[in-house]
K.L.:
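This structure is in structure tokens; I'll ask about it shortly.
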Amino acid sequence: MRIILLVLGLAFCLPNIINAQNNVAKIDINKLIEEYPGKDEYVKDIEELSDGLQTKLDDMYNKLKATINKYESEAELQSEETNIERAKEINREREKISEQQKLAIEQLEKFESNLNRKMSVNVHKVVLYIAEKQNLDFVIDSSHGYNIIEEDCKDIFNDVKQELIKYIQTQ
């Protein structure tokens with residue numbers, strides 16, 4: 001009886017297993033992100049933001065440096081109370097610069113994170129579109145080398161990349 005059930009089970013499941021292999025594809029998502037169309041523009045945007053923030057920080061630092069030099073040259077001519085107030089002012093300015101640095105880092109990280117999220121969402125949409133268009137049941141990310149499918153598994157990298165270019169141009 002067990003053998004009959006096993007044979008019947010294999011008879012019903014085997015065609016589905018064979019069919020599933022025909023509807024599986026792989027794609028190297030990491031490579032696709034590296035070759036993402038328009039990624040150069042994103043990198044340029046990040047660099048421009050970074051440069052702008054750095055310029056602002058440099059201006060603040062140079063202004064502080066000029067103030068310190070001025071206060072040091074006038075220190076002997078000023079009262080002790082004035083020098084104490086000036087030292088407090090310099091410390092407040094240093095704290096402002098430090099806070100600006102933290103805010104700049106946060107702003108850059110947020111900007112980069114948003115760009116990465118946008119790229120990931122676009123890649124995901126296009127992979128789903130190609131999978132549906134090619135009647136695929138599964139698409140496996142082969143970027144980590146853990147591909148459980150044989151080497152001759154259909155690779156949809158080029159199809160997705162071409163469609164991604166079209167998708168980005170329509171945005």
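What you are looking at is a predicted structure, and each value in this text was computed from that prediction instead of being measured. Here, residue 1 is the first one in the sequence, and each next residue gets the next number.
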K.L.:
Decide salt bridge (Lys or Arg N to Asp or Glu O under 4.0 Å) for Glu99 and Lys96; before the verdict, give the C-alpha distance in whole Å, the side-chain angles of both, and the deciding distance to 0.1 Å.
P.N.:
CA-CA 5 Å; Glu99 188 62 31; Lys96 283 182 186 178; over 6 Å; no

K.L.:
Can you name the closest pair of heavy atoms from Leu49 and Gln107 and give their distance?
P.N.:
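Reported closest heavy-atom pair: CD1-NE2, 4.0 Å.
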
K.L.:
Calculate, to the nearest 0.5 Å, the distance between atoms CG and OG belonging to Asp28 and Ser143 respectively.
P.N.:
5.0 Å

K.L.:
Do Tyr71 and Asn83 meet the criterion of a side-chain donor-acceptor pair at a distance under 3.5 Å?
P.N.:
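Per modelled atom types, Tyr71 and Asn83 side chains form no pair under 3.5 Å.
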
K.L.:
Taking C-beta and beyond as the side chain, do Asp159 and Gln134 meet within less than 4.5 Å on heavy atoms?
P.N.:
yes

K.L.:
What I'd like to find out is whether the side chain of Ile68 reaches to under 4.5 Å of the side chain of Glu72, using heavy atoms alone.
P.N.:
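SC-SC contact between Ile68 and Glu72 confirmed.
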
K.L.:
Walk me through whether Ile105 and Lys102 qualify under side-chain contact (heavy atoms from CB on, under 4.5 Å).
P.N.:
CA-CA 5 Å; Ile105 291 169; Lys102 290 176 189 174; 5.9 Å; no

K.L.:
Would you say Ser98's side chain and Arg94's backbone share a donor-acceptor pair under 3.5 angstrom?
P.N.:
no

K.L.:
Is any side-chain heavy atom of Val160 closer than 4.5 Å to one of Tyr129?
P.N.:
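In short, these two side chains do not touch, never coming nearer than 4.5 Å.
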
K.L.:
If I compare all heavy atoms of Gln78 with all of Thr82, which pair ends up nearest, and what's the gap?
P.N.:
OE1-CG2, 3.4 Å

K.L.:
With a 4.5 Å heavy-atom cut-off, do Glu93 and Thr67 have their side chains touching?
P.N.:
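Side chain of Glu93 against side chain of Thr67, heavy atoms only: no contact under 4.5 Å found.
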
K.L.:
Compute whether any side-chain donor of one residue and acceptor of the other, for Gln54 and Asp58, lie under 3.5 angstrom apart.
P.N.:
yes

K.L.:
Are Leu115 and Phe111 close enough that some pair of their side-chain heavy atoms sits under 4.5 Å apart?
P.N.:
yes

K.L.:
Which value, rounded to the nearest 0.5 Å, describes the distance between Asn122 atom CG and Ile33 atom CD1?
P.N.:
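If we round to the nearest 0.5 Å, Asn122:CG and Ile33:CD1 are 9.0 Å apart.
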
K.L.:
I'd like to know if the side chain of Ser50 and the backbone of Ile46 have a donor-acceptor N/O pair within less than 3.5 Å.
P.N.:
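Side chain of Ser50 to backbone of Ile46, a donor-acceptor pair under 3.5 Å: no, none is there.
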
K.L.:
Do Lys125 and Tyr167 form a cation-pi contact, if we require the NZ or CZ to be under 6.0 Å from the six-membered ring centre and within 45 degrees of the ring's axis?
P.N.:
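No, Lys125 and Tyr167 do not form such a contact.
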
K.L.:
Counting only heavy atoms not in Tyr61 (residues, nucleotides, ligands), do more than 12 fall under 6.0 Å from its OH?
P.N.:
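No - once you tally the heavy atoms of other residues, nucleotides and ligands closer than 6.0 Å, there are 12 at most.
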
K.L.:
Can you tell me if Glu132 has over 12 outside heavy atoms packed within less than 6.0 Å of its CD?
P.N.:
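At most 12 heavy atoms, drawn from other residues, nucleotides or ligands, come within 6.0 Å of this atom.
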
K.L.:
Would you sort out whether Leu136 and Ile156 count as a side-chain contact (heavy atoms from CB on, under 4.5 Å), showing the intermediate values?
P.N.:
CA-CA 10 Å; Leu136 298 171; Ile156 61 171; 4.1 Å; yes

K.L.:
Please determine whether the number of non-hydrogen atoms from other residues, nucleotides or ligands lying under 6.0 Å from atom NZ of Lys56 exceeds 12.
P.N.:
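No, the 6.0 Å shell around NZ holds no more than 12 heavy atoms from other groups.
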
K.L.:
Do Phe157 and Glu35 have side chains that get closer than 4.5 Å, going by heavy atoms?
P.N.:
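In short, these two side chains touch, coming nearer than 4.5 Å.
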
K.L.:
May I have the step-by-step check of side-chain contact (heavy atoms from CB on, under 4.5 Å) for Lys26 and Lys154, ending in yes or no?
P.N.:
CA-CA 6 Å; Lys26 66 181 177 180; Lys154 182 177 184 174; over 6 Å; no

K.L.:
Should Val127 and Ile27 count as side-chain neighbours, where that means a heavy-atom distance under 4.5 Å?
P.N.:
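Side chain of Val127 against side chain of Ile27, heavy atoms only: contact under 4.5 Å found.
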
K.L.:
Before you tell me yes or no, could you show the steps for Arg117 and Asn114 under side-chain contact (heavy atoms from CB on, under 4.5 Å), namely the whole-Å CA-CA distance, both residues' side-chain angles and the distance that decides it to 0.1 Å?
P.N.:
CA-CA 5 Å; Arg117 188 176 315 113; Asn114 287 339; 2.8 Å; yes

K.L.:
For Tyr42, run the side chain to side chain contact (heavy atoms under 4.5 Å, CB included) check against Glu112, Met119, Glu47 and tell me which one passes.
P.N.:
Met119

K.L.:
Could you state the interatomic distance from CG (Asp155) to CD1 (Ile140), rounded to the nearest 0.5 Å?
P.N.:
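If I round to the nearest 0.5 Å, the distance is 11.5 Å.
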
K.L.:
Rounded to the nearest 0.5 Å, how far apart are CG of Leu64 and CD of Glu89?
P.N.:
9.0 Å

K.L.:
Kindly indicate, with the supporting measurements, whether the criterion salt bridge (Lys or Arg N to Asp or Glu O under 4.0 Å) is fulfilled by Arg86 and Glu74.
P.N.:
CA-CA 11 Å; Arg86 286 180 168 187; Glu74 298 173 348; 2.9 Å; yes

K.L.:
Quick one, Gln162 and Ile165 - any side-chain contact, counting heavy atoms below 4.5 Å?
P.N.:
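SC-SC contact between Gln162 and Ile165 ruled out.
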
K.L.:
Got a second to check how far Asp40's CG is from Asp45's CG, nearest 0.5 Å?
P.N.:
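One finds 11.0 Å between CG of Asp40 and CG of Asp45.
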
